[in-house]
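Not measured: the values here are computed from a predicted model. For ligands, and for the atoms within them, numbers begin at 1 and follow the listed sequence.
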Amino acid sequence: MVFLLPILVFGGLLVGLTIALTVAERVLINYGVCKLDINAGDREFEVDGGQTLLSALNEVKVFIPSACGGRGSCGHCKVTVLAGGGPVLPTETPFLTRVQVRQGVRLACQVKIREDIRIKVPEEILNVKMFSANVSRTQALTHDIVEVNFRLNEPAEIEQRPGQYVQLQAPSPEGPVYRAYSISSPSYEMNDVELIVRLVPGGIGSTYCHNLSVDDPVIFTGPYGEFRLNEDPEVEIICVGGGCGMAPMKNIIYTVYDRWPDRKLWLFFGARTTQDVFYLDEFKELAGKHPNFKVIYALSDPLGEDEEWDGETGFIHLSVDKHIDKNGENRQAFLCGPPPMIEAVMKVLDDKGLKGKDIFYDEF
Ligand SMILES: Cc1cc2nc3c(=O)[nH]c(=O)nc-3n(C[C@H](O)[C@H](O)[C@H](O)COP(=O)(O)OP(=O)(O)OC[C@H]3O[C@@H](n4cnc5c(N)ncnc54)[C@H](O)[C@@H]3O)c2cc1C
Ligand code: FES
């Protein structure tokens with residue numbers, strides 16, 4: 001106890017000093033107006049110094065991915081800073097490789113604008129838009145997962161690739177926050193965006209989605225994401241999802257069968273019990289029309305009342321292991337779900353001979 005006291009006092013002093021410095025910087029230091037140059041003069045803005053690069057970009061309607069809403073915990077908000085970003089902060093290094101640090105890659109939510117700044121962002125990001133929409137439908141899929149549809153107003157259409165996501169604006173006591181949700185509606189549905197959202201108890205974004213009613217107005221930005229479906233119909237698709245990780249899979253499945261009715265596609269879906277199962281009948285019906293669509297659901301923790309279950313049991317990576325051939329050619333995989341599931345499935349796919357470039361995943 002005696003040893004703890006100096007540590008606590010020192011820790012308290014450190015926290016106090018940090019707060020005092022932050023407040024002093026906000027109140028006393030005025031960085032004035034700074035120039036923000038994007039892609040070598042392609043776009044130039046004047047922004048208030050003192051704010052983060054992420055909020056300055058939002059202000060000038062350049063919407064970069066920021067799944068954690070600027071809390072420095074998702075690592076999605078990477079941009080290349082060519083000049084004026086200051087030193088890399090310890091909060092950024094866990095998300096950056098040494099090569100990225102050398103190239104000037106930074107987390108926009110951690111970079112403070114204190115002087116003129118020059119940055120580089122991919123062209124695709126400059127095309128991300130802010131959409132206003134209204135809820136057109138909500139439907140409970142399970143005890144904690146809801147499907148919500150939005151009818152787009154302005155712009156009235158969205159161009160998205162299967163597997164991409166939007167960032168939905170949700171109100172919070174500290175002001176609006178953004179949360180990432182994969183688009184589950186197929187890419188040919190240009191006026192409608194559908195999301196599948198699991199309720200995280202106490203979570204701002206998911207609670208907001210679960211409380212939405214028909215006609216409520218919403219705002220989101222997008223589309224974002226690196227998923228790229230191979231356009232060659234000979235390439236077999238392997239989709240593996242758990243829980244709300246179904247969202248991008250649904251998009252991929254309907255987009256694929258709209259364009260290539262005979263394409264080979266596997267859907268592996270992991271659920272804990274039958275209470276967590278959804279879309280199974282719908283997909284079985286679709287498989288009836290497309291014989292190369294294979295649907296495999298597995299329960300990891302079946303309950304006594306699940307005794308009628310005639311699907312598979314066990315973790316979903318075991319089902320992938322059982323059904324996917326070793327060393328097959330021409331395959332592409334899309335994975336979405338909790339990190340342990342992704343890790344286990346990645347190991348299986350590696351063992352089956354899939355290359356890293358052919359595996360896309362989002363952890364959530
Ligand atoms: C690319 C991408 C796509 C995504 N797509 C979807 C999707 O299609 N459907 C969907 O439902 N979600 C999706 N997510 C997750 C989503 O963005 C939010 O993280 C999730 O809804 C929780 O946000 P929240 O505001 O409700 O909780 P927050 O207010 O952010 O967090 C509340 C508390 O819950 C904890 N918490 C946060 N997330 C989880 C979690 N997943 N499980 C347990 N505890 C958690 C936090 O640490 C915090 O303590 C996606 C995430 C990413 C990065
Ligand atoms: S927005 Fe998540 S780390 Fe920057």
Side-chain angles (χ1 to χ4, degrees), residues 52-58 63-79 81 85 88-96 100 105-112 125 128 140-142 144-150 160-185 193-212 220-227 239 241-252 276 278-279 334-342 360-364:
T52 65
L53 177 57
L54 180 67
S55 64
L57 286 170
N58 256 323
F63 305 110
I64 59 168
S66 54
C68 71
R71 287 180 295 187
S73 60
C74 71
H76 284 204
C77 59
K78 286 177 186 158
V79 297
V81 177
V88 176
L89 302 181
T91 44
E92 298 174 78
T93 44
F95 299 99
L96 304 174
Q100 286 179 321
V105 177
R106 303 287 304 270
L107 295 189
C109 68
Q110 302 300 302
V111 173
K112 201 90 172 272
I125 290 295
V128 167
L141 297 176
T142 69
D144 65 350
I145 296 186
V146 71
E147 179 189 275
V148 194
N149 288 75
F150 303 119
Q160 46 109 350
R161 293 194 308 270
Q164 287 195 296
Y165 63 95
V166 294
Q167 292 194 167
L168 187 70
Q169 192 187 81
S172 85
E174 283 82 41
V177 295
Y178 285 86
R179 293 291 185 268
Y181 294 104
S182 303
I183 305 171
S184 58
S185 41
V193 164
E194 181 187 273
L195 308 180
I196 296 173
V197 180
R198 186 175 73 85
L199 183 66
V200 171
I204 297 170
S206 58
T207 305
Y208 171 68
C209 289
H210 276 248
N211 289 331
L212 284 171
F220 56 82
T221 58
Y224 303 94
E226 305 298 321
F227 281 26
C239 293
C244 55
M246 171 64 87
M249 308 307 158
K250 186 180 179 197
N251 184 342
I252 292 169
D276 305 301
F278 57 99
Y279 292 155
F334 297 91
L335 328 176
C336 270
M341 184 208 94
I342 302 280
F360 294 83
Y361 66 91
D362 270 334
E363 294 178 346
F364 50 83

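By the 4.5 Å heavy-atom criterion applied to side chains, Leu89 and Leu107 are not counted as neighbours. With contacts defined as side-chain heavy-atom distances shorter than 4.5 Å, the pair Leu141/Met246 does not qualify. Looking at Gln167 and Phe63, their side chains never come closer than 4.5 Å, going by heavy atoms from C-beta outward. Within the 4.5 Å cutoff, side-chain heavy atoms of Glu147 are placed close to those of Tyr279.
Arg161 is linked by a side-chain hydrogen bond (donor to acceptor under 3.5 Å, both in side chains) to Glu124, counting only residues two or more places apart in sequence or in another chain. Looking at residues two or more places apart in sequence or on another chain, you find a side chain to side chain contact (heavy atoms under 4.5 Å, CB included) between Val105 and Lys78, Thr80, Leu96, Gln100, Gln103.
Excluding waters, the set of protein N/O/S atoms under 2.8 Å from atom 4 (Fe) of ligand 2 reads Cys77 SG, Cys109 SG.
Taking the six-membered ring where tryptophan is involved, the planes of His76 and Tyr165 are tilted, since the angle between them lies from 30° to 60°.
Between the side chains of Ser184 and Tyr181, not a single donor N or O lies within less than 3.5 Å of an accepting N or O.
Enclosure of atom CD in Glu226 is not indicated, since only 12 or fewer non-hydrogen atoms of other residues, nucleotides or ligands lie within 6.0 angstrom.
Every protein residue with a heavy atom nearer than 4.0 Å to ligand 1 is included here: Ala67, Arg71, His76, Tyr165, Arg179, Ala180, Tyr181, Ser182, Ile196, Val197, Arg198, Val200, Gly203, Ile204, Gly205, Ser206, Cys244, Ala247, Asp362, Phe364.
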